4 protein chains.
Amino acid sequence: MARPEVSKEQRQAKREAILAAARDIFAEKGFHAAGIADIAAKLDVGHGTIYRYFENKLDIFLTLYDALNEELLRIARGTHPETATCVEDYITEMQKFYAEFGGVFLREISHMRIFFDEVHADPEIRRRFDVSQVEFQKATERFLLIGRDKGFVRPELHIPSAARILNAMILDAMRASVQKESASNNLLLLAMTVIEIFTKGALAKKA
Amino acid sequence: MARPEVSKEQRQAKREAILAAARDIFAEKGFHAAGIADIAAKLDVGHGTIYRYFENKLDIFLTLYDALNEELLRIARGTHPETATCVEDYITEMQKFYAEFGGVFLREISHMRIFFDEVHADPEIRRRFDVSQVEFQKATERFLLIGRDKGFVRPELHIPSAARILNAMILDAMRASVQKESASNNLLLLAMTVIEIFTKGALAKKA
Amino acid sequence: MARPEVSKEQRQAKREAILAAARDIFAEKGFHAAGIADIAAKLDVGHGTIYRYFENKLDIFLTLYDALNEELLRIARGTHPETATCVEDYITEMQKFYAEFGGVFLREISHMRIFFDEVHADPEIRRRFDVSQVEFQKATERFLLIGRDKGFVRPELHIPSAARILNAMILDAMRASVQKESASNNLLLLAMTVIEIFTKGALAKKA
Amino acid sequence: MARPEVSKEQRQAKREAILAAARDIFAEKGFHAAGIADIAAKLDVGHGTIYRYFENKLDIFLTLYDALNEELLRIARGTHPETATCVEDYITEMQKFYAEFGGVFLREISHMRIFFDEVHADPEIRRRFDVSQVEFQKATERFLLIGRDKGFVRPELHIPSAARILNAMILDAMRASVQKESASNNLLLLAMTVIEIFTKGALAKKA
DNA sequence: TATGAATGAGACTTCATTCAT
DNA sequence: GATGAATGAAGTCTCATTCAT
């Protein structure tokens, strides 16, 4: 029986070429409208070939989705509020997180559609989205809990709710930056406003 | 002669029966996966019958979408921050809005998918979603501008960004209550936390 | 058992109203594209009503077709070449036929589509068209045979072929007058040219 | 790499197999009644296969129509009346045309329905038919004009009308040979009679 | 391994006809 | 008699996936 004619590395390289092409196609057309034929055409490869590297269309999508999701999760889990010795440090840590998270967003901006839009194209995609939301929630809760333990966060705040809300603000800021048309899609301004509201609230101080 | 055999009321009743069935099907399967056949089967009528009442599948969807959207917009536009004479009144007005908005959400909880998820199933749906987002944004900006004029909202806040963020918090709170699995889907708690963060921020007062 | 509530006359009047409406619709859209609903709408009558007077769509069409066909056949059979005492009379008889035949065409010009275009929309229509062609052929053969017997028509001419050809020229002249766009749709000019070619041929006399 | 697996020739062969099957189906049922399913069944392939080779049903039809039309037009334009030096040559040229034109008809006899009958099945078919009729008309006018210039054709003849009539005779002669039932469907006899009538007229010479 | 030809389930939509009122 | 609501067969077309080469 013949040895595999291509090495593991070559196989992996091909998989990644397919993923790269698929990412563009999904970004452009969305999951449903994107066809295996489009991906194959972009690579100048027969569409049957795709099926030698991936189960099916969903498999490709989920691979892309998982990779993006993991990168974002890694960032969310990589904050270090425990090193903060004062509120200013704590806020700085939050800003650092925003900067890193936003950096990935801006890099992947044209592909974020697979993260926001196609969530419900398939039950399995939805399931993974829901799972990852829980993970993000946990990461943010951890950030807030440490802040509370250190006395930076008001103790009466309901942490799970606050975490959820903070995440919503973050994700929406990102989402806004994806929408070219929006009048308020300045990511920096949004991020600053999120932090401002989160830290100081929107209301004026009573005199 | 050539008088309608069924009254306007009967016709309207049938339309609404179709809309009700369609709403369930769309909620269960999503726009793409839902078939006219599913709707017809649920009503135990021939599929041709559906086409006597609606142009096509999209027509049904948009009718449902528009109705929901209008109801939500009416609520968003129905706030009265201009009557507030003190910050407490202003906050109360916000709470009233939350209560009304949330009421619709809880009633329509199983059908909100058509509002959030199916945005990209069709260009026309997307267009209407985008338009309505702008309207929600405007309504919230108005709320904040009046608050700023009255001295309740910090003047240095960037209103469009703040409005967007506030909307994101509101919508996410609603969205959370749709997800049965979520640990933090207590709508009341979320709403209170949103208002708390929005008014006072999350950070502890310095001693 | 109740006597019929409408008289035979009333029933016949309704049938004819339906036929009149159908004729317009068929002329406008053609057999396939025309819908029973169109006919009913034109009469401001329920479409079910149509079925109380005619079997189905084809039945209506065939009734119209037969009526038109019979009128044209009656004219074709109504020529009197036997009274001609000289070639000039014979030609005059042919001209009289053309005038009468053409008169019906011009009157029915907007409905001739059912005669020319819809011949093959259904096997039964085709069958009747073929049958009527045979009848037209016979009528023309009779005209030519009498002309031959009287010495007006060249004896060596193959009468069935000549009859067929003469019919083709006649029908095409009519057809041409139906086509508005055609540059050579002057019915009079065409009719005159048909007679000229038929009587004298197209070639120049040798000097 | 990405080299076609089947050669251009194989692809073309398949296209032609589909065209051949479609031609039979269209001849048998007509454009409307013919289904893609019928064509696929005749070839014993899935219906999807058809769509790999043609856009849609109309595309198949138009391909057949255009091919036939072009062949006939080429013949009509290929006459050489300008080489005739006497009337006999001119008539011979007309006979040659008839022989060639009739040959195609006899070969395609069972498929001519797509040329005559289906003209009104679709606006695009009609458009092409009308265009080609103008071309046939032009070709015949040219034949007659050259004949007139050379003194073979009577100068007082209205050429566009005569061309139209001549075409009608030709086409009807062909059409006749398609109809099995007709008593006068002997193409040779018809063609001879057309030429005889066209050249000498049908009437007897006065003594 | 790579290919792309073939497949056919599945979705939408139309409209002639039936029939209960 | 009249109506028009309901029906569902029929037809077109798409595209993910299989598989012989």
Side-chain angles (χ1 to χ4, degrees), chain A residues 2 4-6 10-11 14 32-41 43-60, chain B residues 1-6 10-11 14 32-40 43-59, chain C residues 2 4-6 10-11 14 32-41 43-60, chain D residues 1-6 10-11 14 32-40 43-59:
Chain A
E5 299 221 345
V6 289
Q10 280 173 305
R11 184 173 173 80
K14 194 113 193 185
H32 255 110
I36 288 287
D38 297 317
I39 299 168
L43 290 168
D44 199 23
V45 150
H47 32 292
T49 306
I50 308 281
Y51 286 89
R52 299 195 59 75
Y53 294 89
F54 294 93
E55 284 287 302
N56 50 39
K57 194 166 76 154
L58 184 59
D59 184 20
I60 301 173
Chain B
M1 219 169 310
R3 193 165 30 87
E5 288 241 328
V6 288
Q10 280 174 303
R11 186 176 171 79
K14 197 111 197 185
H32 259 114
I36 290 289
D38 297 317
I39 299 169
L43 290 167
D44 202 26
V45 295
H47 21 302
T49 305
I50 309 286
Y51 287 91
R52 292 186 51 72
Y53 295 89
F54 293 93
E55 286 281 307
N56 49 40
K57 195 167 72 154
L58 184 59
D59 183 22
Chain C
E5 299 221 345
V6 290
Q10 280 173 307
R11 185 172 172 80
K14 194 114 193 185
H32 256 110
I36 287 287
D38 298 317
I39 299 168
L43 290 167
D44 198 24
V45 150
H47 31 296
T49 307
I50 308 281
Y51 286 89
R52 300 195 58 75
Y53 294 89
F54 293 93
E55 282 287 301
N56 50 38
K57 194 165 77 154
L58 184 58
D59 183 21
I60 302 173
Chain D
M1 214 170 311
R3 191 167 32 87
E5 287 241 329
V6 287
Q10 279 174 303
R11 186 175 171 79
K14 196 110 197 185
H32 258 114
I36 290 290
D38 298 316
I39 299 168
L43 290 166
D44 202 26
V45 296
H47 23 302
T49 305
I50 308 286
Y51 287 92
R52 292 185 51 72
Y53 294 90
F54 294 93
E55 286 282 306
N56 51 39
K57 195 168 73 155
L58 185 58
D59 184 21

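Each chain gets a letter, A, B and so on, in the order the sequences are listed, and its residues count up from 1. In this text, all values refer to a predicted model and were calculated from it rather than measured experimentally.
The side chain of A:Y51 lies closest to F:dT18, out of F:dT18, F:dC13, E:dT7. Across E:dT18, F:dT12, F:dT17, the shortest atom-to-atom separation from the side chain of A:K57 is found for F:dT17. Distances from the side chain of C:H47 to the nucleotides E:dT3, F:dA2, F:dA6 place F:dA6 closest.
A:A34 approaches A:K57 most closely through the heavy-atom pair O-NZ, 3.0 Å. Between A:R52 and A:R11, the closest heavy-atom pair is O-NH2, 2.9 Å. Here the shortest heavy-atom pairing between A:V45 and A:T49 reads CG1-CB, 3.3 Å.
Proximity of C:Y53 to the phosphate of F:dA2: a side-chain N or O atom is located under 4.0 Å from OP1 or OP2. Residue C:T49 has a polar side-chain atom (N or O) positioned under 4.0 Å from OP1 or OP2 of F:dT3. Listed pair C:R11 / F:dG1 meets the phosphate criterion, a side-chain N or O lying under 4.0 Å from OP1 or OP2. Distances shown here put a side-chain N or O of B:K14 below 4.0 Å from the OP1 or OP2 atom of F:dA6.
Atom NE2 of C:H32 is separated from atom C1' of F:dG11 by 11 Å (rounded to the nearest Å). Spacing between atom CG of C:L58 and atom P of E:dA16 amounts to 12 Å, rounded to whole angstrom units. Residue A:F54 contributes atom CZ, which lies 16 Å from atom C1' of F:dT17 at whole-angstrom precision. Between the CD1 atom of D:I36 and the P atom of F:dC13 there is a distance of 7 Å, rounded to whole Å. Distance CG (A:D59) to P (F:dT17): 10 Å, rounded to an integer number of Å. Separating the CG atom of B:D38 from the P atom of E:dA11 is a distance of 7 Å, rounded to the nearest angstrom. Distance, D:L43 CG to E:dA5 P: 16 Å, rounded to whole Å. Rounded to an integer number of Å, the gap from CD1 of C:I60 to C1' of E:dC15 is 14 Å.
Within the 4.0 angstrom heavy-atom criterion, only backbone atoms of the sugar-phosphate kind lie near D:A34; the bases stay farther away. Among the heavy atoms of the strands lying under 4.0 Å from C:G48 is at least one base atom, whether or not backbone atoms are also near.
Nearer the 5' end of DNA chain F, as judged by each residue's closest nucleotide, is the contact made by B:I50, out of D:A33 and B:I50. Nucleotides of DNA chain F nearest to C:R52 and D:N56 differ in position, and the one nearer the 5' end is that of C:R52.
A donor-acceptor pair under 3.5 Å is absent between the side-chain atoms of A:K14 and the main chain of A:I50, judged by distance alone. No donor-acceptor pair under 3.5 Å is formed between the side chain of A:D44 and the backbone N or O of A:A41.
Side chains of C:I36 and C:I60 form a contact here, defined as non-hydrogen atoms less than 4.5 Å apart.
With both pairing distances under 3.5 Å, E:dT21 is matched to F:dA2 as a Watson-Crick or G-U wobble pair. Of the nucleotides present, E:dT13 is the one that pairs with F:dA10 by Watson-Crick or G-U wobble criteria, both distances under 3.5 Å.
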